[in-house]
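One structure is given below, encoded as structure tokens.
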Number of protein chains: 2
Amino acid sequence: MELNNRKKREKEQRRKAILKAARKQFFERGFKAVTVASIARKAELSKGTVYLYFKSKEEIYAQILLNDIDKFHERTLDVFQKSGIASEMLRHFADVYIDFFLNDRELFRILMIFMLHIDSMKFSEELNKHLIRTTNKTINVIESIFQYGIDKGEFPPDINVRQSRNAIWGLLNGVISLHLFTGKELMREQKIRSSVRVGLDTLIEGLTGVQVMDNKNFSSK
Amino acid sequence: MELNNRKKREKEQRRKAILKAARKQFFERGFKAVTVASIARKAELSKGTVYLYFKSKEEIYAQILLNDIDKFHERTLDVFQKSGIASEMLRHFADVYIDFFLNDRELFRILMIFMLHIDSMKFSEELNKHLIRTTNKTINVIESIFQYGIDKGEFPPDINVRQSRNAIWGLLNGVISLHLFTGKELMREQKIRSSVRVGLDTLIEGLTGVQVMDNKNFSSK
DNA sequence: TGACCTTCGGTCATATACTGACCATAATTC
DNA sequence: GAATTATGGTCAGTATATGACCGAAGGTCA
């Protein structure tokens with residue numbers, strides 16, 4: 001049957017309600033501790049109905065993670081709009097990265113655990129692949145920035161793009177992981193930003209030999 | 001089956017959607033010209049579904065009319081809150097009456113036709129009874145005000161309450177009908193209010209012998 | 001006038017959506 | 001390691017929605 005608008009709207013509403021209820025619970029209590037029944041209850045649906053919209057508990061989790069990461073990825077694409085200078089793009093990227101994960105620590109924690117212990121996670125092959133692919137899309141943004149810097153003559157043509165990308169990625173994750181996993185959770189946002197800024201500039205200089213101009217105002221939004 | 005909240009909410013939503021779609025069409029094009037199919041279409045439901053919520057086209061119409069009148073009746077009850085003086089209550093009643101019908105001319109038109117040509121309307125006995133009963137509830141508010149005036153000593157005890165009530169009711173309907181059914185639809189709201197005011201005060205004086213104080217500010221909202 | 005056509009209120013068999021008791025299995029308890 | 005509990009996933013049963021269909025009423029035309 002041809003679905004009319006109302007029906008479509010209502011289906012989407014149900015889907016959203018399930019995802020919303022699930023997201024809250026997963027991020028509060030972790031994948032394991034949350035039951036499908038409790039998701040259903042919160043979404044004001046029965047368990048059976050949840051399974052009409054998603055084929056498994058894991059699929060719900062997957063859609064939440066992948067959707068969140070996608071939203072993040074989309075935001076990182078802004079860096080190409082805001083500036084024509086590669087080093088500024090990298091700074092902008094770092095800002096977006098920090099913003100996003102400061103506002104969604106649990107997602108970051110999950111992804112970190114995923115990346116660090118990929119073998120021990122018992123997600124399906126399917127979800128693993130998706131997560132890796134989606135994560136890579138984001139990592140590649142960094143690579144693109146370096147490539148852009150080379151093309152524009154801002155960076156020397158002989159730098160190792162791949163290695164540079166990994167270094168930046170590692171720096172960002174390192175600082176934020178430190179923040180999340182050590183006892184230093186209360187480290188102030190501004191502190192994180194400034195340590196990332198310093199590390200970033202140093203790293204860019206080391207990788208490319210380019211002296212990054214000291215623009216202290218840059219991070220102000 | 002025990003209906004959970006979501007189900008209840010959604011049922012109410014459907015009902016509201018049908019009534020909303022129907023109300024608009026009935027008041028724009030009249031009872032006859034509107035088809036159940038078009039109501040259903042506007043409410044984004046099928047004709048069959050409309051009949052799950054209402055047992056006939058007339059029942060939909062009935063609920064709309066009765067509900068509108070009930071809302072009106074409720075508002076007229078305010079008169080007992082706002083003042084302890086019967087003549088002011090009558091003025092207040094007139095204000096509410098005018099306000100309501102200026103904002104809902106079609107309902108008024110329908111009721112007028114109903115009252116004037118009750119025999120020619122082909123509503124069911126059921127709806128006729130309801131309409132009359134509901135209308136009477138409102139007329140009785142006027143009667144109550146007169147009774148209150150007598151009890152408080154504001155009006156002489158020997159006035160004919162029933163007759164007074166009918167006179168007021170007639171005055172209000174007369175002025176508004178004139179406005180609606182003659183070519184003078186563009187007569188300004190303020191004009192109607194002032195002609196009702198003058199007529200009302202004169203009528204009260206004639207009926208009760210009480211000189212109504214000339215309080216020109218009364219009607220300001 | 002009466003045969004034909006159109007329209008529309010109302011019905012109902014079918015289709016879609018939702019539910020929660022149930023099942024198999026894995027975790028936990030004792 | 002038997003017994004109990006907890007939970008992901010299934011499915012037969014129920015509730016809700018749909019639109020093709022029917023009959024009556026009114027209109028049209030010869």
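Sequence lines set the chain letters: A, B, ... in the order given, protein chains first and strands last, and positions in each chain run from 1. Keep in mind that this is a model prediction, so the values were computed, not measured.
- Here the nucleotide nearest the side chain of T35(B), chosen from dC18(C), dT18(D), dG9(C), is dG9(C).
- The side chain of S56(B) has dG10(C) as its nearest neighbour among dT18(D), dG10(C), dT19(C).
- Contact annotation: R6(B) side-chain N/O to dT19(C) OP1/OP2 distance is under 4.0 Å.
- Nearest nucleotide to the L45(A) side chain, out of dT19(C), dT16(D), dT7(D): dT19(C).
- Counting to the nearest Å, the P atom of dC18(C) and the CD1 atom of I39(A) are 17 Å from each other.
- For E74(B) and K71(B), the salt-bridge test fails: no basic side-chain N is under 4.0 Å from an acidic carboxylate O.
- Side-chain contact check for L65(B) versus F26(B): every heavy-atom pair is 4.5 Å or farther apart.
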Tabulate atom names and distances for all N/O pairs under 3.5 angstrom spanning the protein and nucleotides 22-25 of chain D.
none

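- Separating the NZ atom of K57(A) from the C1' atom of dA26(C) is a distance of 13 Å, rounded to the nearest angstrom.
- Under 4.0 angstrom from either OP1 or OP2 of dG19(D) there lies no side-chain N or O belonging to K47(B).
- Mapping T49(B) and V34(A) onto DNA chain D by nearest heavy atom places V34(A) closer to the 5' end of the strand.
- Note: CZ (F31(B)) to C1' (dC8(C)) measures 12 Å, nearest angstrom.
- Taking the six-membered ring for Trp and thresholds of 30 and 60 degrees, Y97(A) and F93(A) have nearly parallel ring planes, at less than 30 degrees apart.
- In this structure, V50(B) reaches neither bases nor backbone, as no heavy-atom distance under 4.0 Å exists between it and the strands shown.
- Rounded to whole angstrom, the span from the CD atom of E44(A) across to the P atom of dT19(C) amounts to 10 Å.
- Looking at F31(A), F27(A), F54(A) one by one, the single match for ring-ring contact (aromatic ring centres under 6.0 Å, His included) with Y61(A) turns out to be F31(A).
- Side-chain nitrogen and oxygen atoms of Y53(B) include none within less than 4.0 Å of the OP1 or OP2 phosphate oxygen of dT16(D).
- A salt bridge does not link E44(B) with R6(A): none of the charged nitrogens is closer than 4.0 Å to a carboxylate oxygen.
- At the phosphate of dC18(C), neither OP1 nor OP2 sits under 4.0 Å from any side-chain N or O atom of N4(B).
- Between K7(A) and the phosphate of dT16(C), there is no side-chain N or O to OP1/OP2 separation shorter than 4.0 Å.
- In this structure, the OH atom of Y51(A) is 16 Å from the C1' atom of dC18(C), given to the nearest Å.
- When the C1' atom of dT16(C) is taken as reference, atom CZ of R14(A) falls 12 Å away, rounded to whole Å.
- Within the 4.5 Å cutoff, side-chain heavy atoms of H73(B) are placed close to those of V141(B).
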Stepwise side-chain hydrogen bond (donor to acceptor under 3.5 Å, both in side chains) check, T135(A) with T138(A): CA-CA 5 Å; T135(A) 305; T138(A) 294; over 6 Å; no
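- Between R75(A) and D99(A) there is no salt bridge, since no side-chain nitrogen of the basic residue lies less than 4.0 Å from a carboxylate oxygen of the acidic one.
- Taking atom CD1 on I18(A) and atom P on dG9(D), their separation rounds to 14 Å, with Å as the unit.
- Here the P atom of nucleotide dT10(D) and the CZ atom of F54(A) are 15 Å apart, to the nearest Å.
- Not one side-chain nitrogen or oxygen of R15(B) sits closer than 4.0 Å to the OP1 or OP2 atom of dT16(D).
- OP1 or OP2 of dA17(D) has not a single side-chain nitrogen or oxygen of S46(B) nearer than 4.0 Å.
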